[in-house]
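A short worksheet on the structure shown next.
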Amino acid sequence: MREIEANTVIEKVKDLCIDANCEVPECLLSALRVAREREDSPSGKAVLGIILRNAEIAREERVPICQDTGIAVVFVEMGEDVRVKGGNLKKVINEGVRRGYKEGYLRNSMCDPFTRENTGDNTPAVIHFDLVPGDKLKLIVVPKGGGAENMSGVTRLRPSDGVEGFKDFVVTRVRESSGNACPPIIVGVGIGGTFEQTALLAKKALLRPVGKPSTHPELAKIEKELLKDINDLGIGPMGLGGRTTALAVHIETFPCHIASLLVAININCHAHRHKEAIL
Amino acid sequence: MIRAIMLSTPLSDQDVEKLRMGDRVLFDGVVYTARDAAHRRLVDLIKEGKELPFDLSGQVIYYVGPSPARPGHVIGSAGPTSSYRMDPSSPYLIAKGLKGMVGKGPRSQGVVDAMMKYKCVYFATVGGAGALLAKAIKKSEVIAYEDLGPEAIRRLEVEDFPAIVAQDVYGGNLYVEGVKRYAR
Ligand code: SF4
């Protein structure tokens, strides 16, 4: 059994929190550049220009892309032949988040749901564990802002509603989110499974490189159609009107109960932040 | 490229009457920050007839909860938060003389009615552009509700702070008109 020191994990999580908040992925930047070229709306073009310039400043000055540095969502893929020595993995990850948000001058946005009292260090992180073959530990840190997360949703359709019912739900949800989710957005969609699983699928769908189609040809076709329908809404960058409302739609599916058709949409803003590392 | 209108705060009725949806502006001068919790406290004071921590007349409020400043920086990342959460409070502030609000996302009919009645403009700026917007902030000082952390009220001095008129005093609404123009 391979062993990794707890401290190594803490330091890595800390770095991932800071890096994720100051640097957006290259695939997002290229999608934004293409969108700026194609955008017809003058305010839309101006907004896309500001977003691209902002990304440069954030990277150069190590300042967060966005002041909402999010809930720290952490996906963990734990090899079956590796263990963390010197600390419980959940605690270790939370310690990394605590240090990352403090040392990276990131904003603490976690609070009690009722008293609204801030937890003071952006913990607890929302951690999703997965057990995989091998002796590696993969960590993906996804700082998730409130504005876009608030515009997400889960619904249960009738199985007979089919593809049309499903597309309708997604487009309606995006229309209702208007400028609040900081468009251009990335749309993660989960279909199938159980109630909690469909939401998780939607969140995981966001992690795919921006605009990389589903490996399933039929789903890839639906993703393309949905992207067109969403951009035809005219919402545009920051909701001020334009041709760029979403940069990509990613769909993930899982088999479901014969009586159900659960669908979830998880929206991410253009501050599409995630960073991963393999230990 | 359309030229931006320079706006020096505080704003007068004439200043805001000139503005139409879609206009690009650059702010110079003082703007105040306030988010959900600060709004609730301000509205409570107004309802009780008590004095506010700053005089609202002619002022501009920016909906922002900045990230902490790195040493040597004036402020951390400082982009707008969603404005709809302030919708129930804003009419009280507008009636007290507030002339401008800066945030992201559309406002409710209640806010629009107050904006038209008392002459107040709603500006959108770019959510998620906090690093760039912070560069336009030259000074930052907490003036009230320090206990609210990022939600405290700050007095900011800004230079060339960019925004777009999203909803004007005539009922013009870029979230509706702009979207209609590009929908297919
Ligand atoms: S929705 Fe995203 S870009 Fe917009 S304010 Fe929230 S975290 Fe920042």
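Labels below follow one simple rule: chain letters A, B, ... track the order of the sequence lines, proteins then strands, and each chain is numbered from 1. Side chains are part of it too, since the values below use all heavy atoms of this structure and drop only hydrogens, waters and symmetry mates.
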Review point. For B:R181, is it the side chain, the backbone, both or neither that has a heavy atom under 4.5 Å from a heavy atom of chain A?
Key: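 B:R181 has no heavy atom closer than 4.5 Å to chain A.
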**Study point:** Segment of B:P66 engaging chain A (4.5 angstrom heavy-atom cut-off)
**Key:** backbone
Among [options], single out the residue with the greatest number of heavy-atom pairs under 4.5 Å to chain A.
options	result
B:G105, B:S67, B:G178	B:S67
B:G76, B:A78, B:A37	B:A78
B:G130, B:A183, B:P68	B:P68
B:P162, B:A134, B:A129, B:S82	B:A129

Practice item. Salt-bridge test for A:E149 and A:K203: reply yes if a basic N is under 4.0 Å from a carboxylate O, no otherwise. Key: yes
Check your understanding: Salt-bridged, A:E37 to A:R33, with N to O below 4.0 Å?
Key -> no
**Study point:** All ring pair (Phe, Tyr, Trp, His ring centres under 6.0 Å) counterparts of B:Y32, not counting sequence neighbours
**Key:** B:F54
Check your understanding: Is there a side-chain contact between B:R41 and B:P53 (heavy atoms, below 4.5 Å)?
Key -> no
Only pairs of heavy atoms separated by less than 4.5 Å count here; which of [options] has the most with chain B?
options	value
A:T69, A:I51, A:L106	A:L106
A:G234, A:S178, A:G239	A:G234
A:M238, A:R62, A:H270, A:R243	A:R243
A:A58, A:A271, A:G242	A:G242
A:I65, A:N231, A:V47, A:V63	A:I65

Check your understanding: If we ignore angles and hydrogens, is there a donor and acceptor under 3.5 Å between the side chains of B:N173 and B:E177?
Key ->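 Side-chain D/A pair, B:N173 to B:E177: absent.
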Review point. Do the side-chain N and O atoms of A:S177 and A:N180 include a donor-acceptor pair separated by under 3.5 angstrom?
Key: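 On atom types as modelled, these side chains do not qualify, holding no pair under 3.5 Å.
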Review point. Is the distance between the ring centroids of B:F27 and B:Y62 less than 6.0 Å?
Key: no
So what's closer than 4.5 Å to chain B heavy atoms on [X]: side chain, backbone, both or neither?
X	result
A:D68	neither
A:E61	both
A:N118	neither

Exercise for review: Answer yes or no: does atom NZ of A:K228 have more than 12 heavy-atom neighbours from other residues, nucleotides or ligands under 6.0 Å?
Suggested key: no
Practice item. May I ask you to decide if A:G211's main-chain N or O and A:H250's side chain share a donor-acceptor pair within less than 3.5 Å? Key: yes
